[in-house]
Structures are given as structure tokens and as C-alpha cells.
Amino acid sequence: MLTDSHAHLDAAEFDTDRQQLFCDMQQSGIDRALIPGVSPADWAKQQRIAAAFHCPYALGIHPWYCPADIPAAVCQLAEQLQQHLAEPLLVAVGECGLDKPRANFPEDDARRVGWEQQVALLEPQLALAVQYQLPVILHAVRCHAELQAILQKYPGCYGVIHGFSGSYEVAMRYWQLGFRLGIGGLLLDASAKKLRGAVKRLPLAALLVETDAPSMTPVTLRPARNTP
Ligand SMILES: [Zn+2]
């Protein structure tokens, strides 16, 4: 049986047919999916769905959902981790990370999240992962040098770079830092030469399979939502 290591199966896109989706997954030999957290507002629904379908889950705050009051949200995360730490289904912190293009959006674009805010949201989540000895699920878009410099400040921090699309050299540096690479549908795109080249050369132990459902639909299956 396979595990999809990153699928947002709590997303509204699955609200109408989630039961059927899990039946289809079983039929396809996919045992379960790790459901990452993205925002405090969504954790309760996510935990409900993880429990109902026996899926492992992570709690964290995604850089796209950076709260106005970062310290308060981090406190909330610490409380939730503390409260659920003993549960076998709580397996990681995340997803959290850095997204350079979002920091470069125009000032008046509501989707913009400043770089300093992103770093201020990420670092305490890395510290919590180390404190609770949990792996961390990282979202990393066009920021590998900066992210690797930050990770070096948190020895004992380990986990996965989800939706990886970089080079072999970048991947090996993450692997040396204690991180696996989450490989998704982009691998099915013949034009993704850098990623395909990296995956061919990386140790198998460094790779995890993921979909990032409902996002990241492979090019051959668009425009449908993505599923495990
Ligand atoms: Zn994700």
C-alpha cells in the first residue's frame, strides 16, 4: 500500500465526495494520505477529517496564510501541538515555509506576504518542531539558498521539502541537512527536465511521493482537481 505524503484532503474541493475519494484510493492501493495544516482557522476541520479517515496529519501555518498577529498564532500552534502530541495521527509540524514570488507581489495585492513576515512565521515553527521532536513539512518556492541558511540554525530539525522541483545539487544539500524531497505530479511533465534529472540520481531513500491534491494536477490530467 502507498501513502500520499502530502494531500489537502480537508479542502472544500473534496467536501461533496470525500467518502468516495477514499474508496477510490483504497481501490488504487493508496492506504492513506498525510494531511498538512495550513491555517489555525482550518485545523479543527482538518483534525476531524484525519480522525474520520484514519489519516496522519500535521499542524502548521502556511506562508500564504500568514496571520496579522504572528506571535499569537504561534502560541496557538504550540498549544495545539502540546494537546495532540500523544495522538498517533499527529506526525509533523507544517506545512510552513517560504515563498519568494509571494513576497514580490505588488504592495496592493492582497496575496502579498512580506519576506520578513514569512521568516518571522517560519522560524518559531522550526523551533517548535525541534522542541517536540517532530519532522517539519516545508513549502519552498524560489528560496532554497535562504531556506538552507535558516535550517542550519536549527540542528535536529528534519523533515521534507514538499513539491520539490529543484536541481540534484539543491536536493542533495537538503538531504544532507536531514530533509527528504516530496516528489509530485510535476515529474510527469516531460518539460520538467531539471527535476527529472535530479530524481534519476537521488538516493531512493531521499524521496517521498505526494500529490498536493487538490493542487498541482499533472499536465496530462488538467484541468481536473488533483487527487491521490
Ligand atoms: Zn500543500
Side-chain angles (χ1 to χ4, degrees), residues 2-15 18 21-22 25 30 32-50 53 55-67 73 77 80-81 89-103 105 111 113 118 121-122 125-126 128-129 134-144 147 151 157-166 171 174 179-189 192 195 207-219 221-228:
L2 287 168
T3 296
D4 183 340
S5 67
H6 193 111
H8 298 275
L9 300 186
D10 57 326
E13 283 87 339
F14 300 114
D15 281 352
R18 192 169 284 110
L21 176 75
F22 274 93
M25 284 166 60
I30 302 158
R32 56 192 192 158
L34 197 168
I35 306 177
V38 294
S39 162
D42 297 324
W43 292 338
K45 178 185 180 190
Q46 185 202 346
Q47 286 166 320
R48 238 180 9 252
I49 288 165
F53 295 97
C55 281
Y57 72 94
L59 290 177
I61 309 167
H62 193 291
W64 294 2
Y65 305 96
C66 189
L77 177 60
Q80 282 290 312
L81 290 172
L89 290 181
L90 175 64
V91 296
V93 171
E95 81 180 83
C96 51
L98 297 172
D99 194 313
K100 183 82 64 70
R102 289 278 163 153
F105 278 178
R111 295 168 303 164
V113 183
Q118 294 192 27
L121 180 63
L122 170 64
Q125 297 191 78
L126 297 177
L128 284 171
L134 289 168
V136 61
I137 300 168
L138 290 173
H139 169 102
V141 182
R142 304 225 182 110
C143 63
H144 296 309
L147 180 59
L151 292 175
C157 197
Y158 70 106
V160 62
I161 308 301
H162 117 82
F164 184 73
S165 63
Y174 280 122
F179 285 80
R180 289 181 163 84
L181 297 314
I183 307 298
L186 186 63
L187 194 66
L188 304 177
D189 188 335
L195 176 65
L207 307 178
L208 294 178
V209 284
E210 65 161 75
T211 59
D212 205 13
S215 305
M216 300 295 288
T217 302
V219 65
L221 300 174
R222 281 177 210 156
R225 69 179 178 181
N226 200 6
T227 70

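Just so you know, ligand 1 is whichever comes first in the structure, and atom 1 is the first atom listed for that ligand.
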Quick one, His8 with Glu95, criterion side chain to side chain donor-acceptor pair (under 3.5 Å). Give me CA distance, side-chain angles, the key distance, then yes/no.
CA-CA 10 Å; His8 298 275; Glu95 81 180 83; 3.0 Å; yes
Side chain [X], main chain [Y], donor-acceptor under 3.5 Å:
X: Gln46; Y: Ala58; result: yes
X: Gln125; Y: Gly60; result: no
X: Arg18; Y: Ala11; result: yes

For the Zn ion (ligand 1), state how many protein N, O or S atoms fall inside a distance shorter than 2.8 Å.
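Protein N, O or S neighbours of the Zn ion (ligand 1) under 2.8 Å, waters not counted, come to 4.
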Does NZ or CZ of Arg111 come closer than 6.0 Å to the centre of the six-membered ring of Trp64, within 45° of the ring's axis?
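Here Arg111 fails the 6.0 Å and 45° test against Trp64.
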Could you tell me how the ring of His6 sits relative to the ring of His162: parallel (under 30°), tilted (30 to 60°) or perpendicular (over 60°)?
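If you compare the ring of His6 with that of His162, the planes turn out parallel.
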